[in-house]
Amino acid sequence: MNNLDKNFGDLNKQQIDAVKKTSGSLLILAGAGSGKTRVLILKIYYFLISKLALPNQILAVTFTNKAANELKTRVSNMTGKIIDSWWVGTFHSISARILRKHSELVGLKNNFVIIDKDDQIKLIKSICESEKISLEDKNAKYYLKCIDRFKNDYISEEEVFEKAKIKDERDLAKIFSIYQNELIRLNCCDFGDLIIHCLSIFKKNNKVVKQLQNQFKYILVDEYQDINPSQQEWLKYLYSHHKNICCVGDDDQSIYSWRGAEIKNILNFEKDFENPSIMFLEQNYRSTKRIINCASHLINFNKNRYNKKIWSQNSEGSKIEIRGFWETKEEAISISSKIEELKTSNTPLNEIAILMRVAAHTRSFEERFLNIGLPYRIIGGIKFYERKEIKDVIAYLRIANNHNDDLALERIINVPKRGIGKLTLKKINLISRNKKISLFEGCKIYLQSDEGGKAKIEINNLISKIHKWNKVINKIDHIDLCELILEDSGYMELLINESKLKDHIESYDRLDNVNEFMNGLKEFENLEGFLEHVSLVAENDNIYKNEKISLMTMHSAKGLEFKYVFLIGWEEGLFPSKRSIEEKGQSGLEEERRLAYVALTRAKEKVFISFVNQNRYSYASHDFNSPSRFINELPKEDLEIFNSEIFENDEYSFNISQLEEANTAEISPGKKRLIENYNKINEQNLAHDRDISAINQSSFNEGDRIFHKKFGYGRILEIENITALINFDKSGTKMVYLKYLFRE
DNA sequence: TTTGACGACATTTTT
DNA sequence: TGTCGTCAAA
């Protein structure tokens with residue numbers, strides 16, 4: 001117990017209470033940065049060390065793999081042993097584990113494939129085609145969204161059928177039901193099915209559910225505010241024997257309602273679990289007083305919340321800096337020079353993050369960072385396994401593994417190009433559908449028909465190759481198999497040829513990715529293990545190794561912390577997102593505000609907020625953007641507001657003298673290049689400046705008719721320095737740069 | 001059947 | 001902005 005007390009040493013009273021309450025139902029409402037992960041870890045540790053439970057009797061569920069891994073490694077470090085038999089994982093990975101064992105109970109084989117969104121969409125499209133349901137006004141994405149929602153909310157096919165009144169609803173019900181049948185036929189399931197299938201196993205098979213209920217003496221749930229009704233039901237089943245459950249969450253950080261995690265679900269805790277007790281963790285250990293003050297002040301605008309008040313004993317810290325810019329480019333320039341500043345004062349780049357509402361907004365920063373040679377990483381952009389080339393390789397492995405994997409075959413049947421086009425595929429599809437056989441078998445039938453020439457030879461070829469791969473699948477190891485398939489199929493050749501083309505940068509990446517994939521393969525004992533990993537684990541874990549600036553969405557920043565946080569794109573309409581307000585009204589707005597709260601509380605030392613006046617993209621060009629209302633909702637005394645420094649300081653380009661002042665040893669390759677190219681850039685800038693002055697010389701006058709590339713013709717209302725307010729004939733009134741104007 | 005050009009279109013957040 | 005789908009030509 002000594003050891004234990006040592007570990008408890010720096011916990012506060014509430015945290016210790018939370019750790020020591022082991023039996024019954026406990027909901028811990030833990031504010032951001034209040035050490036909830038520590039509490040969870042210590043709880044597991046406490047169960048183990050006080051011999052309350054064996055490792056495999058503890059079920060710890062999280063929503064992200066990151067969180068699951070953190071729990072595992074930190075507990076392993078404390079106990080000094082690595083435990084591989086335990087049940088720590090995401091809802092989905094644990095469900096997959098259960099489902100693999102009992103798949104036959106829901107009509108799947110144990111080597112079922114977990115499909116992703118692309119496959120889901122493809123499947124829905126093909127269902128609509130064969131059912132003659134038009135995708136004109138409701139597209140496949142819409143149906144997918146509905147189906148996902150049914151699964152999140154634990155609504156069965158039957159219920160959907162019963163409720164369907166108008167034709168659209170009946171179509172939806174039909175698609176849903178066929179979709180489910182198709183998944184079973186193809187031996188696949190989607191993410192939602194992992195949970196749903198478990199539920200039907202629990203429901204149907206008493207023996208299985210009893211065994212699991214007996215096994216899990218203690219259940220721990222992280223990020224409980226993210227729970228959806230299906231997952232809640234899932235927990236209820238597993239809880240109901242020992243009845244020990246502890247959920248940790250923060251209603252103010254509920255930002256996944258579109259995944260069925262509505263904030264009201266947290267209330268089910270008191271409904272579904274017996275004698276619930278609720279504890280609060282309110283002391284924040286992460287951030288400065290000012291940051292906490294801002295975050296609390298902001299979140300107080302929400303009506304729909306538990307009244308939890310976070311506070312901090314840390315130092316007061318510096319004010320939040322607010323900046324406005326005209327263009328995203330300027331935003332990127334300003335932030336990058338701020339980062340350079342931080343860097344020279346020895347801040348590790350790992351402690352700096354730029355958070356945005358929309359993943360796509362990394363672009364201007366990427367460009368800038370590449371330009372000046374600041375290393376950065378994008379977290380949660382395109383997932384590794386979502387890349388085209390990786391999915392292609394996986395499809396090859398899948399079809400070798402299982403001939404009846406129609407989705408995989410369809411994906412690679414003409415990649416690389418074999419002259420098996422849409423038309424041929426359609427014919428084969430028709431055959432398979434009519435005969436109710438797999439695509440693979442359909443191909444064989446097609447070969448016996450009289451039609452087609454070249455395509456047939458190729459199909460025949462492919463089929464015999466697939467047969468061949470399948471024969472050796474158990475004879476050689478999976479790495480050799482993968483190499484063999486890549487060679488044999490001509491896919492490697494395709495990549496290599498592509499990389500030789502003029503624009504080789506991207507294809508070189510692809511080759512790299514495939515190689516990385518093969519490397520990853522080595523870490524798994526067999527193909528199945530790897531395929532499971534790939535479909536359930538989005539990120540690769542070694543992303544934190546190097547010193548880099550992190551760029552990510554506010555959503556994916558949840559659970560992370562950084563010394564300095566830049567929050568960009570705080571423009572009304574973008575954040576809070578117009579769409580979410582339109583879709584969900586007040587509750588949508590509150591969710592956006594919670595997102596702002598999450599974003600603010602990521603910072604330990606200092607927050608920088610910025611907004612951009614002019615359109616971020618041409619297509620978002622509706623209007624002149626104004627600063628987010630959330631900026632107004634922050635307490636004035638904690639803010640330091642700057643006008644667009646761009647206009648005070650007309651030198652936009654990177655300042656070379658700053659560069660030379662910096663320690664030369666620190667200069668990265670990118671910067672070196674920059675210095676080398678400095679003259680060139682400088683010339684360009686000079687030319688650019690000349691352009692501007694040329695325009696200024698020929699200066700426009702108020703009332704002039706002008707032309708703008710993006711917005712068309714218009715009349716100048718007002719000229720201000722280097723910008724002008726224009727009344728455009730077709731696109732309304734906008735502020736634009738003079739340099740982009742032409743005489744009519 | 002493939003390729004290229006063109007225009008339409010959509011753009012939140014993810015296990 | 002870039003991706004996707006459609007269309008016509010090769």
Side-chain angles (χ1 to χ4, degrees), chain A residues 61-68 89-96 114-118 120-121 125 135-136 139-142 144-145 148 151-152 189-195 222-223 226-228 230-231 253-261 328 355-364 367 379-383 385-386 388 414-426 452-455 458 506 534-539 552-558 569 573-584 588 591-592 594-596 598-599 615-622 710:
Chain A
V61 229
T62 63
F63 283 86
T64 64
N65 294 295
K66 205 163 52 195
T90 60
F91 273 99
H92 295 93
S93 68
I94 288 176
S95 294
I114 301 164
I115 63 168
D116 66 357
K117 206 169 143 188
D118 274 17
Q120 287 179 289
I121 297 252
K125 277 185 181 160
L135 287 171
E136 298 264 292
N139 59 16
K141 241 185 184 164
Y142 166 82
L144 176 60
K145 217 172 153 187
D148 273 344
K151 291 185 178 179
N152 286 336
C189 66
D190 61 24
F191 274 103
D193 279 343
L194 291 172
I195 311 287
D222 192 16
E223 306 279 13
D226 288 344
I227 198 116
N228 67 36
S230 296
Q231 290 158 339
Q253 292 189 61
S254 164
I255 52 176
Y256 284 112
S257 71
W258 42 275
R259 248 171 65 189
T328 53
L355 308 184
M356 45 213 93
R357 179 66 238 263
V358 182
H361 287 170
T362 53
R363 195 169 300 121
S364 58
E367 250 168 50
I379 296 175
I382 315 152
K383 307 285 161 3
Y385 77 92
E386 274 172 6
K388 198 170 123 231
N414 201 27
V415 182
K417 303 251 187 304
R418 301 190 171 88
I420 308 168
K422 254 189 267 171
L423 225 68
T424 315
L425 189 59
K426 213 168 182 175
K454 188 172 165 286
E458 290 292 338
E506 194 195 336
V534 155
S535 46
L536 288 172
V537 178
E539 302 285 344
M552 67 187 104
T553 63
M554 296 189 262
H555 281 87
S556 41
K558 197 170 74 166
L574 174 67
F575 185 54
S577 145
K578 201 167 145 194
R579 252 183 105 122
S580 79
I581 295 176
E582 276 165 6
E583 268 171 34
K584 307 189 108 182
E591 177 150 332
E592 294 283 301
R594 289 194 292 272
L595 189 55
V598 169
N615 39 338
R616 231 160 238 283
Y617 298 129
S618 56
Y619 54 77
S621 70
H622 344 278
K710 215 179 287 170

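Because only heavy atoms are used, hydrogens play no part in the values below, and waters and symmetry mates are left out as well, while side chains stay in. Letters go in sequence order (proteins before strands), and every chain restarts at 1.
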Measure from [atom1] on [X] to [atom2] on [N] and round the result to the nearest Å.
X: A:His361; N: B:dT13; atom1: NE2; atom2: C1'; value: 13 Å
X: A:Arg363; N: C:dT1; atom1: CZ; atom2: C1'; value: 6 Å
X: A:Ile379; N: B:dT13; atom1: CD1; atom2: C1'; value: 16 Å
X: A:Lys151; N: B:dT15; atom1: NZ; atom2: C1'; value: 14 Å
X: A:Asn228; N: B:dT14; atom1: CG; atom2: P; value: 16 Å
X: A:Lys584; N: B:dT13; atom1: NZ; atom2: P; value: 16 Å
X: A:Glu582; N: B:dT13; atom1: CD; atom2: C1'; value: 16 Å
X: A:Asp226; N: B:dT13; atom1: CG; atom2: P; value: 16 Å

Residue [X], side-chain heavy atoms: nucleotide from [options] that is nearest:
X: A:Trp258; options: B:dT14, C:dG2, B:dT15; result: B:dT14
X: A:Lys141; options: B:dT14, C:dG2, B:dT11; result: B:dT11
X: A:Val358; options: B:dT13, C:dG2, B:dT11; result: B:dT13
X: A:His92; options: B:dT14, B:dT15, B:dT11; result: B:dT15
X: A:Thr64; options: C:dG2, B:dT14, B:dT15; result: B:dT15

Does the side chain of [X] get closer than 4.0 angstrom to OP1 or OP2 of [N] through an N or O atom?
X: A:Thr553; N: B:dT14; result: yes
X: A:Lys125; N: C:dG5; result: yes
X: A:Ser257; N: B:dT13; result: no

Under 3.5 Å, side chain of [X] to main-chain N/O of [Y], donor-acceptor pair present?
X: A:Glu592; Y: A:Ser577; answer: yes
X: A:Asp226; Y: A:Ala261; answer: no
X: A:Ser230; Y: A:Asn152; answer: yes

Open item on the list: Between A:Arg594 and A:Glu591, does any side-chain N to carboxylate O distance fall below 4.0 Å?
Closed with: yes
- [ ] For nucleotides C:dC4 and B:dT13, find the distance between their C1' atoms and express it as a whole number of Å.
- [x] 22 Å
Please produce a list of atom pairs where a protein N or O lies less than 3.5 Å from an N or O of nucleotides 1-6 of chain B.
from: B:dT1; atom 1: OP1; to: A:Thr424; atom 2: OG1; distance (Å): 2.2
from: B:dT2; atom 1: OP1; to: A:Asn414; atom 2: ND2; distance (Å): 2.9
from: B:dT2; atom 1: OP1; to: A:Gly419; atom 2: N; distance (Å): 3.3

TODO: Apply salt bridge (Lys or Arg N to Asp or Glu O under 4.0 Å) to A:Asp148 and list each qualifying residue two or more places apart in sequence or on a separate chain.
DONE: none
- [ ] Report the relative orientation of the aromatic rings in A:His92 and A:Phe191; use parallel for angles under 30°, tilted for 30 to 60°, perpendicular for over 60°.
- [x] perpendicular
Task: Smallest separation among heavy atoms of A:Met552 and A:Ala557, with atom names - done: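 What the structure gives for the nearest pair is SD-CA, 3.7 Å.
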Open item on the list: With nearest nucleotide decided by heavy atoms, which residue, A:Ser93 or A:Arg579, maps closer to the 5′ end of DNA chain B?
Closed with: A:Arg579
- [ ] For A:Tyr256, report the nucleic acid contact type (base, sugar-phosphate, nothing); a contact means any heavy atom under 4.0 Å.
- [x] sugar-phosphate
Side chain proximity check, [X] to [Y], heavy atoms < 4.5 angstrom:
X: A:Met554; Y: A:Val598; value: no
X: A:Ile195; Y: A:Lys151; value: no
X: A:Tyr256; Y: A:His555; value: yes

Task: Bracket string, DNA chain C, 5' to 3' - pairs by Watson-Crick or G-U geometry under 3.5 Å, | interstrand - done: .|||||||||
TODO: Would you please determine if the base of B:dT15 is stacked by A:Phe91, with stacking meaning a centroid separation under 5.5 angstrom and planes under 30 degrees?
DONE: no
